Each structure stands twice: as structure tokens, then as C-alpha cells.
Amino acid sequence: MKLTVTVLDTTGIQSYIFGSNRLRENIGASYIVGQVTDAWVRQILHNEFEITNPEDSVETQNVELVYAGGGNTVLLFKSADLAIGFTEKLSLKILSEAPGINLIVAHRHDFKWGQNQLYDTVQEMMKDDLDVKKRSRIPSSPLLGLGVTQDCNSTRLVAVDQSKNHGSPTDYPVSREIVAKLDAVNPKNKQPANTQLKQTLQLPDGWDIPLDFDDFGRSRDEMSYLAVVHLDGNSMGKRFQAFAEGKSDRDYITAMRDLSQSVENAGKAVLQQLTQELIANWEVLQDTLDLAAQKLPFRPLVYGGDDITFVCDGRLGLTLAVRALQLFESQPIADGKSLTACAGVCIVKAHYPFARAYELSEALCQSAKKVAKCKRGFSLMEGERSEAVSAIDWHIAASGLLGDLTEIREREYRSQDGKDLEMRPLLLDADSDDWQNWASFETIIKAFAGEVWQEKRNKVKALREVLRRGPAATKEFLTAYQLETLPIMPGSDHRLKSPLAEQGWLDDTCGYFDAIEVMDFYISLGGES
């Protein structure tokens, strides 16, 4: 039996979702992206092709949905005409209801079912066909208006309406793209994006999720920061390939569905647990954050399986990111392996350009992945780990973000003699070969906030600048203030006391600068801050 294999993908998603500084538009954009490659596919198959259950075998109906996940959708059609007809209908729906999204489609019309080539065919289509189409695609040049027109505040395209007509509390001119995004959170449309997220989070009655950046609990002027947190699973592409490789066509489909669904369930379970813990610690949070009544200081924007991006109050970014990584590792996955991930946390002033903050959170996540995959201080070829571990990296931007991550750290986090002031990225769990881990780091934060150092707050702040001058200056500082050592990190390595605790440095890396910087941006869900 000859079939047509169809693979769907989208391009420009990051700019589509994160290109605006208005949270309502980000929320609507994320919701629409999720609809395009999953819900709308199923809707068209049901309405136009009378397919009740798209997962049923293509041997008993005209089309089968192999899987939808990770940004891709794979389908099998009994004929080329059916595949092309489906693509036309989906493209038309996107053009009319989701302007601004670019759909990429690849077809293979000569696939022979039953010869156990489905895995290889899909891999080739993703690596070759889709990549070629993405590179060769000619970007459209939108007509920017004829005669007297007004620009959209967000996209600079031609405005077609005012935002107040689509549920926005502020009024500004909007293009078709922004109209579609705002309608996804418009109360007149029953806020489908919010409804879907509340169901995903299993939010109790009476609780709500912010629709604006000003509703995350930030303290005006004093601590007016937001955190953009990006989490991504480690080597998930390779895991999917390994789990499906060598299987028959039918077993390949079953394997992809099982693994994709288990990863999707894991992501939802992580967000649900974070929600429950925020609610359970509500009284603690109210002592620090300027919270609205029963409105969570946290909002997931992208939540497809192991790929999660959320925004929250700046003081919760690190806490929630670490907790999410811990929860990921406890989730059951179909291939039987633990789900490790990495996190990038960008903490910026409220109303800082959101796209730039998200871009840096992605770069931070990639920075964490380098430590997660290989032992620190070695090249990938020399010190690669047998299994990737969870890790986290972050940046706190008290002012702006000038340059990429490497440039920022070379400029702002080097001592006078060129040593590393930051100990980031950190492994999530203690590692006998790596003292730079979150467990040890959190011990130092809590020690600086404890009884011994609490009354020495000014000394702690002064210490931060002394550390810039190197180990000798730090040792002199401790002697001048009659302090034997800095807080001692847990661990069996004798170097953690000497030289680290006695002069602040180990292996040309400072062990205390990050902790002092983070002190104002750390709230523990356990009640310590």
C-alpha cells in the first residue's frame, strides 16, 4: 500500500510569541501556536474528512495522525490528493485566523507501508525536506498601507481596529495579527487561552492567572523585577530517535505516541505541582510580594512537554526554576529513563523589552546544557558525561542587557586579574567532581541570611566589591572584620574550607559573588528568604 507522509512545522514562532511587551498578546500568540499544529489539525480532519479518531490506523480510514508534539505534526494519507487538500484547508485557516504564523509542509507521496521505513522517512523529511523549504522560503513583504493609515503599536503593520474592542484594558491601534492574539484572551470569547491554561494547571475555583505584567506581585520601585524562565529537556531529539529506531512501521507509531504523551504529561504535572506549592505557600509569599487576591505570581506561556517558558515575579524565578527541574526528574517517561532538563533564568526590570529577555533566557539555558553534558573544565570529547544531568544558569540585569551572554560576563563578572566572579552554571544536584552545584549554593544564600550574618548586612554588601579584587583582598577583609571564614559549603572536599571559605576563591572561580547578588532575588517556597 502506497501512502503520502506529511510533516508540518512552523517558523518564526519565537518572535511571534515573545515579540511584544504586552502579556495579553504573548498569551494569545502562544495559544494560537498550540492550536495550529494540533487542535486545528484534528478539527479539519473531523469536519472535512469525517475522521472521528485520527489516531486510528490508516489501513481502516483515509488518514492517520501519527503524532503531534515538539512543534511537529506527522500524518499518513492514503493519497496525494487527500494530503494536498488537507494542507490547503489548514493553510487557509491559518491565513484567516492566525495571521503572522508561517506554516512549512513537506510531503513524500511514494511511501510504501509495511516495509518498516517510516522512521527513516520521517527523519529524512525533517532533516532534508523541511530544512530546504525553510532556507528557500521567500519572506512575504506585507503591504504597509495605502493613502492615510495608522500603524499597529505592536507590529508596525497596518492597524485594522482598536485594542479596546478586543478586551484590552488599554486602547491602542492593532493589526490583524494582534486582533487574533487579543481575541484568545477576550472575555467576550470566553478567554480560550486562559480556560485552557486553568485546566492544564488544575487551578482551584476562585484562583486566577495574571493577564498583565503588573499583576505578578512586584513591589513598586523597590523590587520591580520580572523573571523569564526557559526550561528545555536534555537530548530529547536523540531519545525519541533511539526509542523509535529499528521498529516496524506500526511499532514506530506506537512508540512515538507513547513517548510523546509521557513527556507531555510530565510537563503538565510539573506545572500543576508548582501551582499547588505556590498556593500552599500563599501566606509566606504575601509577606514579601505585593499580591492581588488569589492571583498567582506566575504565568506559563509555552508549556509543551519538556519545553516550558514561564514568567513570574523576579524573586521567584530561581526558586521556581530549580523546583521545576527537580519535579521533571521524578516524572515517569515511556522509555524508562529519568527526564533531566536545563533552565535559563533572566531577571530584568519590569517593562524591559520582553523579546530580549527571552532571548537571553534561551542563551542561559544553552549555557547550562554545556555543563549538563560535559564535566566542567574539559572539552566535550575529553569529559562528556554518560548521561546529561540537570543544570541552571541565570542573569540579573539591574539596568540593561548590552551584548550577548559571553560579552556580558566578560564585562561584568571578571575580577581585576581576570578570574571568574560567577560560579554559574550550577548543577542541580551535588556532584563529587563538581563543587559548583545548587545544593551548595543554596546553603551559602541561607547562611548569609541567617543569624550569624544577618546583622552584618552592610559587610556582606561590601564583601561583594572586595571579591572583585581577588583572593588576597578577600582574606584581608575577613581579618580586618575579625571573621575566621566565609560560610562553608557542604561537601567532603577539604578545599571547600581552605582556600574557598578562607579567601572566597577556588580554582580561579569565586564561590560567593553570585550568592551575594542573588540574596535580594531569592524566596524559598519553604518559607526562607
Side-chain angles (χ1 to χ4, degrees), residues 1-10 36-39 41-42 44-46 49 51-80 82-84 86-87 90 103-134 232-268 304-307 331-339 387-388:
M1 179 171 63
K2 281 192 175 184
L3 302 173
T4 292
V5 183
T6 299
V7 180
L8 309 177
D9 198 0
T10 51
V36 166
T37 56
D38 192 346
V41 169
R42 296 173 184 273
I44 291 172
L45 292 177
H46 181 269
F49 295 87
I51 301 297
T52 303
N53 186 0
E55 277 87 8
D56 283 350
S57 173
V58 70
E59 296 169 284
T60 60
Q61 58 187 17
N62 287 329
V63 59
E64 180 177 358
L65 175 60
V66 177
Y67 73 91
N72 297 118
T73 304
V74 180
L75 304 105
L76 295 174
F77 292 91
K78 275 192 173 175
S79 72
L82 287 170
I84 293 171
F86 165 81
T87 302
L90 180 60
L103 180 69
I104 305 293
V105 182
H107 298 294
R108 288 281 181 95
H109 297 301
D110 56 351
F111 174 74
K112 295 181 180 179
W113 175 261
Q115 296 188 2
N116 303 333
Q117 295 296 312
L118 184 56
Y119 167 82
D120 292 332
T121 300
V122 172
Q123 292 302 309
E124 288 174 8
M125 291 176 71
M126 288 185 174
K127 291 179 181 178
D128 300 331
D129 299 10
L130 287 179
D131 283 347
V132 169
K133 286 179 177 288
K134 288 177 182 179
D232 190 32
N234 291 325
S235 305
M236 292 307 297
K238 292 181 180 179
R239 285 179 64 168
F240 272 89
Q241 291 177 20
F243 194 57
E245 192 171 11
K247 289 182 168 60
S248 68
D249 291 344
R250 178 51 57 193
D251 288 344
Y252 162 76
I253 292 175
T254 301
M256 291 298 287
R257 286 176 180 169
D258 289 347
L259 185 54
S260 180
Q261 189 60 55
S262 67
V263 174
E264 182 72 19
N265 291 341
K268 289 180 179 179
D306 66 298
D307 185 356
Q331 302 305 315
I333 305 299
D335 63 0
K337 300 178 181 179
S338 64
L339 179 57
E387 294 287 343

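Since we're looking at a predicted model, the values are computed, not measured.
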Hey, could you give me the [atom1]/[atom2] distance between [X] and [Y], rounded to the nearest 0.5 Å?
{"X": "Asp251", "Y": "Asn116", "atom1": "CG", "atom2": "CG", "result": "8.5 Å"}
{"X": "Tyr67", "Y": "Asn72", "atom1": "OH", "atom2": "CG", "result": "5.5 Å"}
{"X": "Met256", "Y": "Thr254", "atom1": "CE", "atom2": "OG1", "result": "11.5 Å"}
{"X": "Leu3", "Y": "Leu75", "atom1": "CG", "atom2": "CG", "result": "12.0 Å"}
{"X": "Asp131", "Y": "Lys134", "atom1": "CG", "atom2": "NZ", "result": "6.0 Å"}
{"X": "Glu59", "Y": "Met1", "atom1": "CD", "atom2": "CE", "result": "5.0 Å"}

Walk me through it: do Val74 and Leu118 pass the test side chain to side chain contact (heavy atoms under 4.5 Å, CB included)?
CA-CA 11 Å; Val74 180; Leu118 184 56; 5.7 Å; no

Begin with the C-alpha distance, continue with both residues' side-chain angles, and end with the deciding distance and a verdict on side chain to side chain contact (heavy atoms under 4.5 Å, CB included) for Val63 and Leu82.
CA-CA 8 Å; Val63 59; Leu82 287 170; over 6 Å; no

For [X] and [Y], work out which heavy atoms get closest and say how close.
{"X": "Tyr119", "Y": "Ala244", "answer": "CD1-CB, 3.9 Å"}
{"X": "Asp306", "Y": "Gly233", "answer": "OD2-N, 3.0 Å"}
{"X": "Ala334", "Y": "Ser262", "answer": "N-OG, 3.1 Å"}
{"X": "Val7", "Y": "Met125", "answer": "CG2-CE, 3.6 Å"}
{"X": "Leu103", "Y": "Asp9", "answer": "CD1-O, 3.5 Å"}
{"X": "Gly304", "Y": "Glu264", "answer": "C-OE1, 3.8 Å"}

Between the main-chain N or O of [Y] and the side-chain N or O of [X], is there a donor-acceptor pair closer than 3.5 Å?
{"X": "Asp249", "Y": "Gly114", "value": "yes"}
{"X": "Lys247", "Y": "Phe243", "value": "yes"}
{"X": "Gln61", "Y": "Asp56", "value": "yes"}
{"X": "Thr4", "Y": "Phe77", "value": "no"}

Let me see the working for Met236 and Leu339 under side chain to side chain contact (heavy atoms under 4.5 Å, CB included), right down to the final yes or no.
CA-CA 9 Å; Met236 292 307 297; Leu339 179 57; 3.6 Å; yes

Test ring-ring contact (aromatic ring centres under 6.0 Å, His included) applied to His46 - qualifying residues, sequence neighbours left out
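Per chain and number, His46 pairs via ring-ring contact (aromatic ring centres under 6.0 Å, His included) with no residue.
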
Report the residues that fulfil salt bridge (charged side-chain N to carboxylate O under 4.0 Å, His left out) with Glu64, sequence neighbours left out, ordered by chain and then residue number.
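For Glu64 the salt bridge (charged side-chain N to carboxylate O under 4.0 Å, His left out) partners, ignoring immediate neighbours, are Arg250, Arg257.
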
Using salt bridge (charged side-chain N to carboxylate O under 4.0 Å, His left out) as the criterion, list what pairs up with Asp129, not counting sequence neighbours.
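So Asp129 forms a salt bridge (charged side-chain N to carboxylate O under 4.0 Å, His left out) with Arg108.
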
Could you check if a side-chain atom of Phe240 sits within less than 4.5 angstrom of a side-chain atom of Asp335, using non-hydrogen atoms only?
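Phe240 vs Asp335: side chains apart.
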
Side chain proximity check, Leu65 to Ile51, heavy atoms < 4.5 angstrom:
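No, their side chains stay 4.5 Å or more apart.
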
All side-chain hydrogen bond (donor to acceptor under 3.5 Å, both in side chains) counterparts of [X], not counting sequence neighbours:
{"X": "Arg42", "value": "Asp38, Glu55"}
{"X": "Asn62", "value": "none"}
{"X": "Gln241", "value": "Gln123"}

Evaluate the ring planes of Trp113 and Phe111, with Trp represented by its six-membered ring, and classify them as parallel (under 30°), tilted (30 to 60°) or perpendicular (over 60°).
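Answer is perpendicular, since the angle exceeds 60°.
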
Side chain to side chain contact (heavy atoms under 4.5 Å, CB included) evaluation trace for Ile333 with Arg239:
CA-CA 11 Å; Ile333 305 299; Arg239 285 179 64 168; 3.6 Å; yes

